[in-house]
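Labels below follow one simple rule: chain letters A, B, ... track the order of the sequence lines, proteins then strands, and each chain is numbered from 1.
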Protein chains: 2
Amino acid sequence: MEENLRKKLESGPLNFESYFSQKALGMKASEIRELLKLVETSNVISLAGGLPNPKTFPIDILKEILEEVITEHADKALQYGTTKGFTPLRLAIAKWLRKRYDIPTSKVDIMITSGSQQALDLIGRVFIDPGDIVVVEAPTYLAALQAFSFYEPTYIQIPLDDEGMKTDVLEERLRKLKAEGKKVKLVYTVPTFQNPAGVTMAEERRKHLIELASEFDFIIVEDDPYGELRYSGKPVPKVKALDDEGRVLYLGTFSKILSPGFRLGWIAGEPHFIRKLEIAKQSVDLCTNAFGQVVAWRYLDGGHLERHIPKIIEFYKPRRDAMLDALERYMPEGVRWTRPEGGMFVWVTLPENINATAMLERAVAKGVAYVPGEAFYAHRDVKNTMRLNFTYVDEAQIEEGIKRLAETIKELL
Amino acid sequence: MEENLRKKLESGPLNFESYFSQKALGMKASEIRELLKLVETSNVISLAGGLPNPKTFPIDILKEILEEVITEHADKALQYGTTKGFTPLRLAIAKWLRKRYDIPTSKVDIMITSGSQQALDLIGRVFIDPGDIVVVEAPTYLAALQAFSFYEPTYIQIPLDDEGMKTDVLEERLRKLKAEGKKVKLVYTVPTFQNPAGVTMAEERRKHLIELASEFDFIIVEDDPYGELRYSGKPVPKVKALDDEGRVLYLGTFSKILSPGFRLGWIAGEPHFIRKLEIAKQSVDLCTNAFGQVVAWRYLDGGHLERHIPKIIEFYKPRRDAMLDALERYMPEGVRWTRPEGGMFVWVTLPENINATAMLERAVAKGVAYVPGEAFYAHRDVKNTMRLNFTYVDEAQIEEGIKRLAETIKELL
């Protein structure tokens, strides 16, 4: 036996790849994350991030809440929680959805998740069989593709314009699929201040989407991390608020309205769906951290959230304005961009002959970084787009960053 | 379109099952969790739990730490973290593993997970293809079976005795499998104060297991949530400390030595394995809650953990003793049980003709609850065992609970 061990040790390290599952062999690191690592270590103005600004974190409120939690609620905050989540928090969220979004919560159950990312993974786990057709926007949220792809769906991309997903194109595709005997299982949308494009789906399209769901029998995942961050324009009803049949799973998160540090999101939806998602969550992490849930409950139930949101908006609006102004001022002819009414991102479309992925190195050399748009398309078939973030850096940096970016583009024109 | 919607609404609710994935259709709720819900609402002494006692939570230390975290480390604690985890915490854990367990950490990387349960799910995701052979102890940790089973392994059960997994039986099985051209991918073990059986794998067997891993080329998952909770007997080296080849993935957790409320575990292992697990984690929850990680870092790095462990031991030891004493005093002939040197559980084996699952209702009527052992076997082929917890209820309740349990058993003999 010992001889055998010696032999193995002499034969060098393990053949690591030989132990991985087939799916693990295909797993690749997110390009954005790898890119961010590079940028963080240099002197570049990064418009590539996706982080909320730490200055929007309600630190003074949290000081009070933490004191209260450890003094009065330690028994709940420090123990294992139930898989579905801390009931007072679930009730407070239900109240928020009812009061603020007119979502009728009598037929809705709520499960707390470890961030919206976990909600996306659990939805993949519970709803997607290999080959199932999943509709996504083009472009769409990159990490949703990462989460769903593990479950091997077939993606259909539906283009966006300034009014969000083109539901007329979706309808056409649905009819064609039906004629072929095929069916869509799930439509994933970030309808409000979309990541990455910044656009918002118009009310008429939301209604149309709900009608299509009913006619063609699919479910809708409404991912809404940015909905509270509106800097201009008129509120639009949540897709979930238009949902009479229970087809919409609504995803919310505390990451942009409290802090990402507690890693808290939620799914609101039809109780039968929530029940299955709960069973799935049991086996992946048993429960979401109870401590953060009790903190979020005090934050929401104590009225702090409602009072804090206007401050976040006040902080981000000038940055959004600064970015749109700078784009207007510096960008050459032939470059187009979205004009978001809220959220964190502007989406830029370059002339078709410019490859934004290839251009990145040149831009970083000039001192500015962005996220090339390619990875936001399920089919990776569009090369001349990019995502710009306006929440993390300040106005002066935004102006300078856009100026550098415009110079980079001009050199290539 | 509207007519269509009306028609759908009139036709009643959705056919929920029709949307679920094939695997989701097979997902069932954990019996233990369902059982606990029942017991929590009645007047029963529950020896069925698996929770640490809230009196062991270091509330005064946490008060100080929370104050420090929100005052001095809010920027890290409230922001998104990296997928691999907060580096100062990872370094503090590495130091702990080196200093306290003699695990050589130069060739080891560490990733923070959302509890050990997430580590188990990620290991399934990264290592298990459908049909891969996974060896588990009989009995084994129920939620590990839940996590792995999603990835559809074929389980092989290896029996335990008072010295842990019978590695001679394992060797025999491995030789047989080899002769059939088959190979084990992974061996899962809770070698120290096992859940559910309470037994500890002897040092000789640990060495034997490592030798077998090398000879038969498999990896080992060493799940060690209870290792620090030793009430008697002599420490045994971690399996990971005997691992020269990088075959052992070591799982630790803060749930039993700080509090489960922060939902923090970790995987220590070969860097190539950790890298793949990190990529897998990206798509399931992006990162573990940063707030809890900063808290745990201050707890570990500030020396609080080292000072607090003896207090937890002091609190639990009399309860372990009370349970063993009561079993000795009340149990009839023919009933056997383990004598754990640490951890949270005693494993009871009834005469073969008594079905512990069927007996539960009678026991609850007598005012005591336990977890029937059946679900702890991958093949669910043993019916006369049960798990008893001694950490949650106090000594008087333990005595009374065991007395009631013994009465229930006597009635059936």
Side-chain angles (χ1 to χ4, degrees), chain A residues 1 4-5 8-9 14 16 19-22 24 27-30 51 54 57 59 62-63 66 70 74-75 77-80 114-115 117-118 121 125-129 146-147 150 211 214-215 219 244-246 259-263 272-273 276 279-280 282-286 288-292, chain B residues 1 4-5 8-9 14 16 19-22 24 27 29-30 51 54 57 59 62-63 66 70 74-75 77-80 114-115 117-118 121 125-129 143 146-147 150 211 214-215 219 244-246 259-263 272-273 276 279-280 282-286 288-292:
Chain A
M1 203 59 86
N4 191 295
L5 186 61
K8 286 271 173 187
L9 282 170
L14 301 180
F16 307 108
Y19 306 98
F20 292 138
S21 64
Q22 286 304 311
M27 288 177 193
K28 297 278 172 280
S30 148
L51 303 182
F57 301 155
I59 294 185
L62 281 171
K63 270 184 194 165
L66 289 173
I70 195 71
D75 55 331
L78 299 180
Q79 190 56 281
Y80 285 102
S114 303
Q117 187 67 29
Q118 182 180 55
D121 176 56
R125 192 172 263 247
V126 162
F127 293 101
I128 303 177
D129 274 320
Q146 273 190 296
F150 184 80
E211 285 164 2
S214 182
E215 183 176 353
I219 60 173
D244 288 319
E245 294 188 318
S259 132
F262 298 106
R263 209 73 204 97
H272 288 80
F273 290 154
K276 192 62 91 173
I279 295 172
Q282 250 184 41
S283 77
V284 303
D285 73 352
L286 291 181
T288 295
N289 79 94
F291 191 87
Chain B
M1 203 62 85
N4 192 294
L5 185 61
K8 285 275 172 181
L9 281 171
L14 301 181
F16 308 106
Y19 306 97
F20 293 137
S21 64
Q22 286 304 311
M27 287 177 194
S30 146
L51 303 182
F57 301 155
I59 293 186
L62 280 172
K63 270 185 193 164
L66 288 173
I70 195 69
D75 56 331
L78 299 180
Q79 190 55 282
Y80 284 102
S114 303
Q117 186 68 28
Q118 182 179 57
D121 176 55
R125 192 172 263 246
V126 161
F127 293 101
I128 303 176
D129 274 319
Q146 271 190 298
F150 184 79
E211 286 164 1
S214 182
E215 182 176 353
I219 60 174
D244 289 317
E245 295 187 317
S259 130
F262 298 105
R263 211 73 203 97
H272 288 80
F273 291 154
K276 192 61 91 176
I279 296 172
Q282 251 185 40
S283 77
V284 304
D285 73 353
L286 291 180
T288 294
N289 80 94
F291 191 88

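Atom CD1 of I219(A) is separated from atom CZ of F16(B) by 11.5 Å, given to the nearest 0.5 angstrom. Taking CD1 from I70(B) and CG from L66(A), the interatomic distance works out to 5.5 Å, rounded to the nearest 0.5 Å.
Proximity of a side-chain donor or acceptor of Q79(B) to a complementary backbone N or O of P260(A) within less than 3.5 Å is not detected. Side-chain atoms of R263(A) come within 3.5 Å of backbone N or O of D285(B) as a donor-acceptor pair.
Scanning both residues, A24(A) and V126(B), for their nearest heavy atoms gives CB-O, 3.3 Å. In this structure, Y80(A) and L51(B) approach most closely via the heavy-atom pair CD1-CD2, 3.4 Å.
The residue among L78(B), D129(B), D121(B) with the most heavy atom pairs within less than 4.5 Å of chain A is L78(B). Among the candidates Q118(B), K63(B), M27(B), K276(B), the residue making the largest number of heavy-atom pairs closer than 4.5 Å to chain A is K276(B). The residue among Y19(B), F273(B), F57(B) with the most heavy atom pairs within less than 4.5 Å of chain A is Y19(B).
Only the backbone of I128(B) comes within contact range of chain A, judged by heavy atoms closer than 4.5 Å. Both the backbone and the side chain of A147(B) come within less than 4.5 Å of a heavy atom of chain A. Contact annotation for F150(B): only side-chain heavy atoms (C-beta onward) come within less than 4.5 Å of a heavy atom of chain A.
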